[in-house]
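So the structure is just underneath, and the comments pick up after that.
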Amino acid sequence: MMESRHAQRKNEHLSLAAKYYDQVHQHHYFDQVRLIHDSLPEMTTDDVDLHVQLADNLEIECPFYIEAMTGGSDQALKINRQLAQLAHKHHLAMATGSLSIISKDPQSFSSFEIIRKENPDGIIFANLSANASLDQAINAISLLKANALELHINAAQELIMPEGDRDFNWLDNIQYLVSELEVPVIVKEVGFGMSKTTIAKLQTHDVHLINVSGRGGTNFAAIENRRNHDINFESLLDWGQTTPESLLEAHSIRRGKTEIIASGGIISPLDVIKAGVLGARAVGVAGYFLNILQNEGYEALDQTLSEWQVIVKRLLALLGCSSFTELSRVEYVLGTDLLSYARQRHLR
């Protein structure tokens with residue numbers, strides 16, 4: 001059966017994400033964060049508990065999880081099946097790709113439904129655009145029996161996308177969905193980071209789970225610019241704040257009940273730990289895991305996930321932390337570029 005143009009767009013995203021993967025990771029922004037070693041952690045690895053409480057009714061068993069990647073095509077179905085199987089095996093939370101496509105192409109739902117079929121008892125985050133209606137949100141949550149809903153905010157991507165939206169009046173709708181839905185709502189960028197101003201706006205609209213998703217991972221500016229044959233947006237390929245910059249932005253304002261999640265450019269267990277030190281409550285990983293799956297195969301990603309869980313636990317012990325939330329007390333220093341950013345933004 002011929003796939004719809006929406007499904008073809010999803011396949012293009014997958015193909016271009018793979019094409020630009022090495023180019024994106026020429027710069028590793030977490031290298032600008034150095035942790036201070038304590039030779040006397042005074043604990044054992046058995047003292048470490050990897051569970052993280054994100055909300056009153058949302059607990060994950062590991063501080064890193066499989067972040068939103070894809071859905072809506074036959075190729076996406078295969079990828080989501082494998083990712084869901086691994087999420088089930090390793091007790092990892094998993095976010096879906098954007099379910100917005102199912103209202104335009106109902107046949108695409110099977111590529112999302114497979115996630116719950118393969119992981120019947122796991123933690124799943126459904127994913128929709130921030131302009132989704134309440135009916136769309138309820139439907140997505142119900143169809144997947146989702147434990148939370150991610151609402152992605154992606155103004156930069158949409159503006160570069162030839163068929164993208166041009167209306168970004170989202171805040172009131174986000175607040176409405178938060179107030180009406182029975183599951184926690186995570187508001188997530190798509191790789192352009194967040195400022196303290198953005199985070200404060202979300203807080204005043206009752207959002208308490210925020211994924212800053214900074215520059216450094218999958219570059220949707222590059223992907224959409226490659227798909228745009230009419231206008232060249234090459235000047236926006238470095239748009240936005242990096243993930244460490246975004247975490248410093250978040251750290252600089254009063255958090256209250258707000259929990260920060262980090263994603264974007266996470267390529268090692270040490271990055272997971274560094275994100276926690278900078279204030280992240282949990283860490284999503286997408287591009288790095290997808291690259292391993294596509295280029296090295298299922299078994300390679302299976303081994304990677306096992307190793308990451310072991311290493312994260314041992315790094316916590318090395319730093320004298322019995323839980324991920326205790327990382328906020330770990331000392332660190334910043335590299336020249338990140339320190340300059342922090343000072344100019346009055347974040348330190």
Side-chain angles (χ1 to χ4, degrees), residues 52-60 63-69 71 92-103 112 115-116 122-155 157-158 165 167-214 246-247 249-250 253-264 279-284 286:
V52 171
Q53 192 80 33
L54 287 176
D56 289 342
N57 55 343
L58 183 61
E59 181 181 85
I60 58 178
F64 69 87
Y65 66 93
I66 300 172
E67 188 53 275
M69 295 191 206
L92 296 175
M94 177 177 171
T96 74
S98 176
L99 284 143
S100 301
I101 188 176
I102 67 174
S103 62
F112 300 97
I115 297 172
R116 181 51 83 189
I123 300 295
I124 293 176
F125 305 158
N127 182 304
L128 285 171
S129 168
N131 65 6
S133 69
L134 179 59
D135 285 345
Q136 286 176 312
I138 292 173
N139 188 44
I141 293 165
S142 175
L143 288 171
L144 284 176
K145 298 181 177 60
N147 306 92
L149 176 67
E150 273 188 348
L151 294 176
H152 61 265
I153 51 177
N154 61 336
Q157 179 190 11
E158 294 286 349
D165 292 335
D167 182 351
F168 310 122
N169 291 292
W170 291 333
L171 274 172
D172 288 344
N173 190 58
I174 290 171
Q175 185 175 35
Y176 175 63
L177 292 177
V178 170
S179 68
E180 294 296 319
L181 295 173
E182 296 182 357
V183 300
V185 174
I186 303 166
V187 175
K188 176 188 180 297
E189 243 293 352
V190 298
F192 299 97
M194 288 192 190
S195 68
K196 56 187 176 183
T197 303
T198 297
I199 294 165
K201 287 179 183 178
L202 290 170
Q203 287 178 313
T204 61
H205 285 73
D206 302 327
V207 178
H208 299 301
L209 287 172
I210 300 173
N211 186 334
V212 296
S213 190
S246 299
L247 288 170
E249 294 271 350
I253 64 176
R254 174 172 284 183
R255 299 271 280 276
K257 295 187 294 182
T258 305
E259 299 293 356
I260 299 297
I261 299 170
S263 61
R281 186 79 166 192
V283 178

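Owing to the predicted nature of the structure, the values given are computational and were not obtained by experimental measurement. The residues of the chain are indexed from 1 along the displayed sequence.
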Ignoring hydrogens and angles, write down the donor-acceptor pairs under 3.5 Å from the side chains of residues 140-149, residues two or more places apart or on other chains.
from: Asn147; atom 1: OD1; to: Arg116; atom 2: NH2; distance (Å): 3.4
from: Asn147; atom 1: OD1; to: Ile124; atom 2: N; distance (Å): 2.8

Separation between [atom1] of [X] and [atom2] of [Y], rounded to the nearest 0.5 Å:
{"X": "Leu99", "Y": "Phe112", "atom1": "CG", "atom2": "CZ", "result": "4.5 Å"}
{"X": "Ser133", "Y": "Asn139", "atom1": "OG", "atom2": "CG", "result": "9.0 Å"}
{"X": "Gln53", "Y": "Ile60", "atom1": "CD", "atom2": "CD1", "result": "9.5 Å"}
{"X": "Thr96", "Y": "Glu67", "atom1": "OG1", "atom2": "CD", "result": "9.5 Å"}
{"X": "Ile115", "Y": "Ile66", "atom1": "CD1", "atom2": "CD1", "result": "9.5 Å"}
{"X": "Ile138", "Y": "Leu177", "atom1": "CD1", "atom2": "CG", "result": "9.0 Å"}

Check [X] against [Y] and note the closest heavy-atom contact, atom names and distance.
{"X": "Ile253", "Y": "Ala200", "result": "CD1-N, 4.1 Å"}
{"X": "Gln157", "Y": "Asn154", "result": "OE1-ND2, 3.0 Å"}
{"X": "Ser246", "Y": "Gly214", "result": "OG-CA, 4.3 Å"}
{"X": "Ala137", "Y": "Leu128", "result": "CA-CD1, 3.5 Å"}
{"X": "Asn127", "Y": "Ala68", "result": "ND2-CB, 3.5 Å"}

Please list, chain by chain and in numerical order, all residues satisfying side-chain hydrogen bond (donor to acceptor under 3.5 Å, both in side chains) with [X], sequence neighbours excluded.
{"X": "His205", "result": "none"}
{"X": "Asp56", "result": "none"}
{"X": "Ser263", "result": "Asn211, Ser213"}
{"X": "Gln175", "result": "Asp206"}

Handout entry: Residues which pass side chain to side chain contact (heavy atoms under 4.5 Å, CB included) with Ser129, listed by chain and number, not counting sequence neighbours
Key =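 Result, side chain to side chain contact (heavy atoms under 4.5 Å, CB included) vs Ser129: Ser100, Asn131, His152.
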Problem - Partner set under side chain to side chain contact (heavy atoms under 4.5 Å, CB included) for Thr198, not counting sequence neighbours - result: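 Once residues adjacent in sequence are excluded, the partners of Thr198 under the side chain to side chain contact (heavy atoms under 4.5 Å, CB included) criterion are Met194, Ser195, Leu202.
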Problem - Candidate pair Glu249 and Val212, rule side chain to side chain contact (heavy atoms under 4.5 Å, CB included), full reasoning - result: CA-CA 9 Å; Glu249 294 271 350; Val212 296; over 6 Å; no
Exercise for the section: Sort and list the pairs that fulfil ring-ring contact (aromatic ring centres under 6.0 Å, His included) and have at least one residue in residues 122-151, not counting sequence neighbours. Expected result: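 Qualifying pairs: Tyr65-Phe125.
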Practice task
Write out all pairs satisfying ring-ring contact (aromatic ring centres under 6.0 Å, His included) with one or both partners inside residues 168-193, taking only residues at least two apart or from two chains.
Solution key: Phe168-Trp170
Handout entry: Donor-acceptor contact below 3.5 Å, side chain Asn173 vs main chain Ala132
Key =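 Looks like yes, one N/O pair under 3.5 Å.
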Practice task
Determine whether more than 12 heavy atoms belonging to other residues, nucleotides or ligands lie under 6.0 Å from atom NZ of Lys196.
Solution key: yes
Check whether any side-chain heavy atom of [X] sits under 4.5 Å from a side-chain heavy atom of [Y], and report yes or no.
{"X": "Pro63", "Y": "Val283", "answer": "no"}
{"X": "Thr258", "Y": "Val207", "answer": "no"}
{"X": "Val178", "Y": "Val187", "answer": "no"}
{"X": "Leu209", "Y": "Val185", "answer": "no"}
{"X": "Leu54", "Y": "Val52", "answer": "yes"}

Practice task
Identify, with sequence neighbours excluded, every residue that meets salt bridge (Lys or Arg N to Asp or Glu O under 4.0 Å) alongside Glu150.
Solution key: none
Exercise for the section: Apply salt bridge (Lys or Arg N to Asp or Glu O under 4.0 Å) to Glu259 and list each qualifying residue two or more places apart in sequence or on a separate chain. Expected result: Arg281
